[in-house]
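The structure appears below as structure tokens.
All values below were derived from every heavy atom in this structure, side-chain atoms included, with hydrogens, water molecules and symmetry-related copies excluded.
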Amino acid sequence: MTTSTAPTTGVSDAELDARFGPIFARIAAGATEREVDRRLAHDEVHLLREAGFGALRVPVEFGGLGATVRQQFRLLIDLAAAESNLPQALRVHFSFVEDQLLALQSTERDTWLRAVAGGILVGNAITEPGVGAVDRYQTRLTQKNGQWLLNGTKYYSTGSLYSDYILVAADDQGERVSVLVDADATGVTRHDDWDGFGQRLTASGTTEFNNVVVAPERILGPGYGGAGKTYGTSYLQLVHLAGLAGIAQRATSDTAQWVRDRTRSYTHAAADLPREDPLVQQVIGKLSAAAFAARTSALAVADILDEVLAAGSDAGPELLDRAELAASQAQVTSIDIVLRATNELFEVGGASITSEQLRLDRHWRNARTIAVHNPTIFKTRAIGDHVLNGTELPYAWSAGNR
């Protein structure tokens with residue numbers, strides 16, 4: 001890690017809520033219809049872009065809002081409650097901003113911070129099928145006739161269809177590099193072919209790069225996946241934790257509203273109206289508790305990351321381990337309680353609660369899809385090995401054929 005340029009804090013929680021609360025409400029109003037129609041959230045991303053959401057952490061002196069890590073993730077939870085796809089779609093964008101804040105002061109770094117403040121968004125193209133990065137990326141950066149050329153195919157290019165630039169992980173003669181390309185550059189083809197049963201609107205499709213010309217200044221360091229301890233793993237995981245917390249929050253409000261409006265019950269129920277039935281109240285109580293616990297866990301990790309990112313190059317291994325362990329522990333507990341709660345919510349009604357028009361199932365599907373991005377069977381083992389034996393936690397791991 002390098003020296004931190006911590007954002008100048010110039011915004012209060014109240015100011016952030018006043019700016020983004022109405023936008024989140026507009027986004028939430030169309031969430032079910034977007035799910036039914038499978039309409040990508042281009043209009044909603046435009047609203048966020050225009051309001052400066054992508055520049056939350058950019059310092060005030062560069063045109064951003066100067067928010068803290070906690071403030072940013074508090075808003076990401078609320079955005080996830082409105083539309084859980086969008087925090088995931090912006091996940092690498094926010095990581096890119098943090099990398100700029102941690103970089104040594106330079107004209108290039110300052111230019112990117114001002115560009116983010118001006119509304120640009122950065123997507124990603126990192127994951128590959130097959131061997132992935134377990135050996136080396138199959139997406140290659142090569143030189144020909146004095147030009148750098150990028151060739152390869154990436155899967156799960158989350159957020160790239162919403163973005164102006166794409167951060168691509170590539171191989172340069174055995175070295176891992178990150179390459180920043182224009183999303184509409186010649187040779188870049190983006191596909192909306194993500195076929196998961198949840199998080200359908202994250203724009204996590206395939207991206208192809210065919211002889212894409214890359215300027216030398218757009219070839220960056222190794223980026224995510226480089227050796228050593230990094231803030232990046234816990235930070236990127238925290239975006240998923242914010243998504244889970246937001247899903248639980250929205251599932252609670254959606255289910256509670258459905259129960260309030262319902263008059264049908266059962267002959268053997270404990271009350272005439274579902275909202276007065278203690279068994280139904282118990283389910284809503286569990287949902288609410290799950291939302292609270294997931295939110296509290298995510299913000300606790302954000303507080304530690306505030307310390308890590310403020311320290312920059314002075315963040316030692318102990319502090320990085322503290323953030324990584326906290327994010328791992330929060331992941332395991334949040335996934336468990338949110339999945340159970342979003343499954344159990346169907347107990348409050350009969351067959352009508354499974355209506356496709358309600359799409360209450362999307363909360364479980366979205367949570368389940370987020371959860372498999374970092375499987376807990378591997379995470380819990382790593383935590384246990386660390387606690388018992390002091391084994392190093394896995395930081396920037398990769399998926400692929402070993």
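No side-chain donor-acceptor contact under 3.5 Å links Asn85 and Thr202. For Glu208 and His191, the side-chain atoms include at least one donor-acceptor pair closer than 3.5 Å. Of the N and O atoms on the side chains of Gln199 and Ser84, at least one donor lies less than 3.5 Å from an acceptor on the other residue. Looking only at atom types and distance, the side chain of Gln257 has a donor-acceptor partner in the side chain of Arg260 under 3.5 Å away. For the residue pair Glu128 / Thr139, a side-chain donor-acceptor distance below 3.5 Å is found, with atom types taken as modelled. With hydrogens and angles left out, the side-chain atoms of Asn145 and Gln147 include no donor and acceptor closer than 3.5 Å.
Tyr235 and Tyr231 have perpendicular rings, their planes meeting at more than 60° on a 0 to 90° scale where under 30° would count as parallel.
Under a 3.5 Å cut-off, the side chain of Arg19 and the backbone N or O of Ala51 do form a donor-acceptor pair.
Residue-environment remark: CZ (Arg39) exceeds the threshold of 12 foreign heavy atoms within 6.0 Å. The number of heavy-atom neighbours closer than 6.0 Å to CZ of Phe20, taken from other residues, nucleotides and ligands shown, is above 12.
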**Q.** From CA spacing to verdict: salt bridge (Lys or Arg N to Asp or Glu O under 4.0 Å), Arg74, Asp13
**A.** CA-CA 9 Å; Arg74 186 177 66 83; Asp13 287 351; 3.5 Å; yes

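Less than 6.0 angstrom separates the ring centroid of Trp112 from the ring centroid of Phe96.
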